[in-house]
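Scroll down for the structure; my scribbles are underneath it.
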Amino acid sequence: MPDNVAERLIRMLVDAGVRRVYGIVGDSLNPVTDAIRRSGGVDWIHVRHEEAAAFAAGADAELTGELAVCAGSCGPGNLHLINGLFDAHRNMAPVLAIAAHIPSSEIGSGYFQETHPEQLFRECSHYCELVSHPRQFPRVLQSAMQHAVSRRGVSVVVLPGDVAAMDAPSETVAHRPFAAVPVVRPVDDDLARLADLVNGARTVTLFCGTGCAGAQRQVLALAEKLKAPVGYSFRGKQWIEPDNSYAVGMTGLLGWGAAYKAMHACDVLLLLGTDFPYDTFLPTSPRIAQIDVRAERLGRRSKLDVGLCGDVRDTIDALLPLVEPKSDHAFLDAMLERNERARRKLRAYVEHVGARRPIHPEYVAATLDELASRDAIFAVDTGMCAVWGARYVHAAKGRRFLGSFNHGSMANALPQAIGAQVAYPDRQVISLSGDGGLAMLMGELLTLRQHDLPVKIVLFDNHTLGMVQLEMEVAGLPHHGCELKNPNFAAVAEAVGLEAVRVEEPAQVRPALERMLACKGPALVDVVTDPNVLAMPPKSTIAQARGFALAMTKMVFADELDDVTDTVMSNWRTFP
Ligand SMILES: Cc1ncc(C[n+]2csc(CCOP(=O)(O)OP(=O)(O)O)c2C)c(N)n1
């Protein structure tokens, strides 16, 4: 008996190694979900909002490096996927979205639930096609999978429900994506130019992004030869921070340590596999070279003297024999010393505020760092949680970090944690959630219970949209629209069936985190934290606010975190 298009879809996905699809059912998707039910080889991961399905698939794909799939029904169902798909696409996570569509005979008539997904998803995908005939389907699916894995990002197949139920064609095409990984390195002349640049420089700093995944050995070998301090972005942290005696921390608003200084004080800055977007933090005086496998990114963030197309690992492998070893390590030592000072101050700050009420979020994050397992997967919400994760949670070897680092969407952490836990049922998965972020996709607490996913949520319950509050302060604006009237989130989580505890006293932080991490099932710790961390006093005048904010901005933008920490400790807590 011939199979139908939906059955062919599922068979091709199974052949491609896909074992689950995240989504919400709907009429137009029925042939697909029914094919999943009958296949036995694919799990249907039912979420409560399609946006969460896309975030979860993105996290799954980012962690495993393999194709992950999400699906939504026609019109609003697949439209809800869009924010999570933007996130996955910008994270270069290979995700296939199945956007079920209205009956093909109705397209263009303003039919019930009609949208045009092939237009809507174009901006957040490498490949986005409408299937209007069964014979077209196998080639479209093959192309979609191949685009997602080879160009790394999102593909969308728009599939009308009636077409999904039609007989599939008998002819076949290649039935699985080919994750063909080429060696990509610059031509010899380009390599020689880069070697000349670093050989002629007295001091060199490396700044590493997520393109350094799998290249830690090469980066360290280069740092050793050049006596170069190594800074990194948040996405680079997990690859570059562990066991790295050249590491000098992160730059940017989340930053800490000596990375900013090292990047500004060197003769040559090497940008490795990073598309770090904040040009305010990038220097102008050193000579700058950039290596990226996507050549279209070269030079779009900073001035550039040498721009090379290549994979970081392959390129450094080819470059190393041309690099003359440096013997002067005074610059490296100075940056490492500066970094250690900043790290000591971070620690001292945590000890200083650890016993204070309201609870300081830094103390919560630092305690979590101590207690979490060495191979935990952390998902950090966009907002202040990203700052706490960047500064206080160490990237031990084997730990992974998920965030909406390029798209910057709120509410990413919990659904990403869902994808992580589905992909790795036996690993500890921790969501650092903001109260604004958690509330935005709070229905996903039900997903944890429904699938018995033992995700641990540490909720930074500061009763405000904290990062925006801070941004308003920095702009010299009074707070407006940030305050959150929250429920007792522990009680909400308990009602959903999670283990939960509310923490209002600093002394409860450690035991509550210990208890939560030891739980077998999903658990939430609702930590009521200080809303005024790095924030202005509510009664300050606009002039005070502006003055403080300007001072803070100058320091955040112009120097290392230890200066900011000093100011916060000496001025802010005693601010009138
Ligand atoms: C979907 C979305 N809406 C709005 C924003 C703007 N925004 C960025 S951070 C933030 C506040 C986040 O608040 P919360 O989750 O409570 O975390 P906090 O910063 O207080 O730790 C907002 C509103 C955004 N980035 N994404």
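First listed ligand is number 1; within each ligand, the first listed atom is number 1. Residues take their numbers from the sequence shown, with the count starting at 1.
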Subject >> Interatomic spacing from CD1 in I45 to NE2 in H451 - rounded to 0.5 Å >> reply: 5.0 Å
Pairs under 3.5 Å, N/O atoms on ligand 1 and on the protein: can you put them in a table with the distances?
from, atom 1, to, atom 2, distance (Å)
ligand 1, 15 (O), G436, N, 3.4
ligand 1, 15 (O), G437, N, 2.8
ligand 1, 16 (O), D435, OD1, 2.7
ligand 1, 16 (O), G436, N, 2.8
ligand 1, 16 (O), T464, O, 3.2
ligand 1, 19 (O), M384, N, 3.0
ligand 1, 19 (O), G466, N, 3.4
ligand 1, 19 (O), M467, N, 2.9
ligand 1, 20 (O), N462, OD1, 3.4
ligand 1, 20 (O), N462, ND2, 3.0
ligand 1, 20 (O), T464, O, 3.0
ligand 1, 20 (O), G466, N, 2.6
ligand 1, 21 (O), M384, N, 3.3
ligand 1, 25 (N), G408, O, 2.9
ligand 1, 26 (N), M410, N, 3.1

**OP:** Can you run down the ring-ring contact (aromatic ring centres under 6.0 Å, His included) pairs that involve residues 49-68, sequence neighbours left out, and say none if there aren't any?
**Re:** H49-H80
Subject >> Aromatic ring pairing F401/F378, orientation class (parallel under 30°, perpendicular over 60°, tilted between) >> reply: parallel
Original post:
What orientation do W388 and Y392 show, parallel under 30°, tilted 30 to 60°, or perpendicular over 60°?
Top reply: tilted
Subject >> Listed once per pair and sorted, the salt bridge (Lys or Arg N to Asp or Glu O under 4.0 Å) pairs that draw on residues 515-525, sequence neighbours left out >> reply: E499-R515
**OP:** Would you mind listing every salt bridge (Lys or Arg N to Asp or Glu O under 4.0 Å) that reaches into residues 59-70, with sequence neighbours excluded?
**Re:** R20-D60, E62-R235
